[in-house]
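Just below is one structure, and these are the notes that go with it.
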Amino acid sequence: MASVCFYFQVHQPYRLGRYSVFDSHRNYFDEYKNAQICRKVANKCYLPANRLILKLIERFKGKFKVSYSVTGVLLDQLEAYAPEVLSTFHALAQTGCVEFLSETYYHSLSFLYSRGEFTEQVQMHQRRIEELFGQKPKVFRNTELIYSNDVSYAVKEMGFEGTICEGADHLLGYRSPNYVYRPPGVDGIKLLLKNYRLSDDIAFRFSNRDWAEWPLTAPKFAQWVSDVNGNGYTVNLFMDYETLGEHQWEDTGIFNFLEHLPEEVLRHPDNDFKTPSEVIDSYEAVGEMDVPHMISWADTERDLSAWLGNAMQSNALYELYRLEQQVKSTGDSQIISDWRKLQTSDHFYYMCTKWFADGDVHKYFNPYDSPYDSYINFMNVLDNLRLRCKAANKTVSPRMDKVSYSNHP
Amino acid sequence: MKILMLGWEFPPFISGGLGTACYGLTRAMSQCGTEITFVLPKPVSSEYTSHVKLASLKPGQAGIDYYKLAGFENVTFRTIASGISPYQRPGEYEEMLRRIREQTQAISTLPAMESIGMGQGGDHYGSNLFDEVQRYARLAALVAQQEEFDIVHAHDWMTYPAGITVSALTGKPLVIHVHSTEFDRSGEHVNQRVYDIERQGIHAATQVIAVSYLTRQIIINRYGAPPEKVSVVYNAIDRNGKALDPARAAIQKDEKIVLFLGRITMQKGPEYFLAAAKKVLEVMDNVKFVMAGSGDMIRRTIELAAEMGIGHKVLFTGFLRGGDVDKIFRMADLFVMPSVSEPFGLVPLEALRNDVPVIISKQSGVAEILTHALKVDFWDVSEMANKIIAVLRHPPLQATLREHGNFEVRKLSWSDSAQQCLDIYNSLLAPV
């Protein structure tokens with residue numbers, strides 16, 4: 001049996017506007033730009049892709065299935081800027097062939113800095129998904145597939161049955177990502193590993209003319225999937241949803257590829273499509289997958305260095321989470337919401353200096369001229385937020401100046 | 001291959017980037033095994049003559065001497081007694097000439113002075129800068145006739161007429177190296193005669209070398225050079241062999257220091273530095289602004305600082321050399337180059353080599369090759385202040401800039417620039 005399990009990550013951050021040390025207003029986020037990007041991506045990717053997938057689900061009468069993880073910050077933006085996308089997601093949810101996963105509402109790195117905040121954000125996201133799509137997520141996906149055993153332990157406590165994780169070579173060794181695993185020492189939660197080779201064939205290499213397999217056609221890809229039969233249960237294709245139409249433009253033929261993929265995959269009698277929950281229900285874990293250190297799906301290093309690779313990034317994150325008590329004690333929903341939007345991992349990704357000089361994929365997604373500019377901007381905003389907390393806490397309780405940071409690592 | 005290089009001053013008498021660039025490039029070419037005859041003007045001024053470590057090879061004729069210099073095995077130096085010097089403006093030349101005449105009046109009877117053409121108080125010098133540039137060209141042509149070479153390479157406008165003359169006399173290809181243009185030095189108030197000489201040089205040249213794409217664009221747009229004729233060879237910096245300075249951490253000071261280092265002229269944007277300083281001081285108090293350098297705007301700049309009410313926070317050091325430059329870099333937390341127009345800009349590289357983070361104007365050539373530097377538009381003083389404050393306030397920012405920046409300048413070397421020049425020479429000499 002070879003089950004194709006699609007999971008698409010759907011996310012857009014609230015990008016910050018230019019904020020100088022001389023500014024003191026509270027409109028940190030660039031509403032115009034965020035709306036513009038949201039609408040652009042909606043038209044190029046979310047709408048055509050949702051419509052296509054809906055069409056395929058109807059055409060194959062329930063045999064084609066996919067799953068999504070849509071971040072809370074994107075849901076909020078879609079509601080404001082492109083509500084028609086939400087209705088297509090809603091229509092997808094109604095088919096019964098689409099599963100929604102859960103993650104931190106703000107696409108944050110809170111798991112690394114504040115477990116309390118992490119739990120709150122996951123619960124917020126779960127509630128939102130249930131409200132919008134009428135299903136309670138059972139599978140968890142942490143920001144950028146940042147994962148260690150502790151993630152599984154933590155989310156199992158919250159009632160999740162599965163976690164999504166990168167199928168990193170250095171952890172798998174000779175083993176295959178095409179099986180279901182479990183974290184060491186616990187039952188009741190399973191791990192789905194990304195098959196990064198086949199995923200990246202679509203996500204990164206699809207339009208690369210230097211690639212020996214270019215052009216990638218649906219029959220060819222279906223053949224690679226069928227090859228898994230006898231040596232695995234599931235092919236986990238995890239990627240950014242923006243791959244469809246935004247990273248790989250429409251004229252590369254990406255939609256055409258997706259349109260023909262189900263029939264080619266289903267041509268082989270042993271193949272099918274499953275959602276992550278169905279994979280977990282259908283297959284037993286074949287072994288333990290021990291991940292003592294943090295990994296992610298980013299770059300070739302598969303580590304945290306894209307968000308925590310230099311002194312600016314760790315400083316910005318540290319200063320941000322150091323504010324937690326002060327922020328929460330204000331009880332001011334606007335302050336809390338601003339603070340949480342600042343947690344979105346993209347802000348720290350923009351500060352990455354790893355390949356800055358070579359100008360590569362990092363640059364493409366970066367609204368700033370340089371990582372330094374993004375750090376300066378972020379710290380100016382944070383400074384203003386800190387002042388707001390101080391002012392608010394003074395009026396709430398004069399003793400709040402003394403804040404305990406004890407629950408921060 | 002032999003090159004006749006029409007160049008400029010050598011350390012330790014460097015008044016700016018032109019001399020540093022000539023020095024770095026020539027030394028690297030010499031190390032590549034290229035034979036060079038380096039012709040440079042030598043003003044008869046005690047300040048210059050007393051420190052030069054040039055060894056006289058053989059007595060030359062009227063005002064032209066031969067020298068050899070350690071570290072430049074393949075280079076023969078020939079100096080021409082001339083009053084021209086880098087960055088000189090026409091008015092300044094006449095002022096200098098007047099000074100030389102006064103100085104030499106007293107000693108003009110000495111026979112030694114007669115031999116170098118200074119017998120009658122500099123009478124041999126042209127009466128204005130343009131005459132002197134022409135006189136230099138004639139003397140350079142004289143030198144050229146005694147030398148064997150394949151290519152003439154002239155640096156900046158005062159040597160272009162010499163280059164053109166030599167090339168016309170010998171039929172050898174002429175390479176014009178543009179370190180700055182009249183538009184960089186004077187904004188839109190160009191001196192027409194200087195512009196004409198530059199234009200003449202650029203059009204007479206077989207190939208033009210610009211120090212950045214910024215400069216290349218000016219050469220194409222404002223001098224009408226055919227694009228294919230203009231190549232870019234970036235300047236570089238050699239490693240000073242020093243490790244991260246432990247003494248830096250040991251310096252105890254209550255105040256942060258923001259450094260401006262360069263000639264204080266219109267081109268360098270000193271008034272934007274002050275405007276940014278004023279804004280910084282509205283937010284922070286424990287910071288001083290040091291302006292190191294001299295130039296025709298120094299008085300105006302000192303007055304301006306006082307008028308702005310920040311005179312007590314801005315220190316002027318005058319022109320610094322050698323050890324003093326190292327010392328000021330050791331003290332600085334940040335170097336700012338707010339140039340209005342900077343064809344290249346070597347000082348930021350020097351700052352980074354000394355582990356000082358830099359803010360550079362986007363209107364500079366060096367911005368094309370530096371990624372680990374903060375960049376601002378020179379006129380955007382609010383943004384400049386914003387960035388200055390950020391660097392002073394956030395040690396992680398300073399650390400990241402310093403670490404990556406130092407690493408980045410290590411990748412630059414004069415031998416790469418020299419190799420690019422050699423490639424250009426070869427392409428000119430290749431049979432068509």
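Proteins get letters first, then strands, A, B, ... in listed order; numbering begins at 1 in each. Everything numeric in this text was worked out from a predicted model, so none of it was measured.
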Legend entry - Which atoms of B:Lys375 approach chain A - backbone, side chain, both or neither, heavy atom under 4.5 Å: neither
Legend entry - Stepwise side-chain contact (heavy atoms from CB on, under 4.5 Å) test for B:Leu401 and A:Met312: CA-CA 10 Å; B:Leu401 280 168; A:Met312 299 189 294; over 6 Å; no
Inset, instruction - Check whether more than 12 heavy atoms from other residues, nucleotides or ligands sit under 6.0 Å from atom CD of A:Glu31, and answer yes or no. - result: no
Inset, instruction - Flag the one option from B:His394, B:Glu403, B:Glu282, B:Glu383 with the top tally of heavy-atom pairs under 4.5 Å to chain A. - result: B:His394
Inset, instruction - Side-chain contact test, heavy atoms from C-beta onward, threshold under 4.5 Å: evaluate it for A:Ile376 versus B:Lys387 and give yes or no. - result: yes
Inset, instruction - Write down the atom of B:Pro396, the atom of A:Ala311, and the distance for their closest heavy-atom approach. - result: CB-O, 3.6 Å
Inset, instruction - Could you tell me which portion of B:Leu374 (side chain, backbone, both or neither) has an atom closer than 4.5 angstrom to a non-hydrogen atom of chain A? - result: side chain
Legend entry - Within 6.0 angstrom of B:Phe407 CZ, more than 12 heavy atoms from elsewhere: no
Inset, instruction - Would you mind reporting whether B:His404 and A:Tyr372 have side-chain heavy atoms less than 4.5 Å apart? - result: yes
Legend entry - Closest contact, heavy atoms only, B:Asn386 versus A:Val21: OD1-N, 2.9 Å
Legend entry - B:Arg393/A:Asp383 ion pair, N-O < 4.0 Å: yes
Legend entry - Heavy-atom side-chain proximity of A:Tyr375 to B:Thr400 below 4.5 angstrom: no
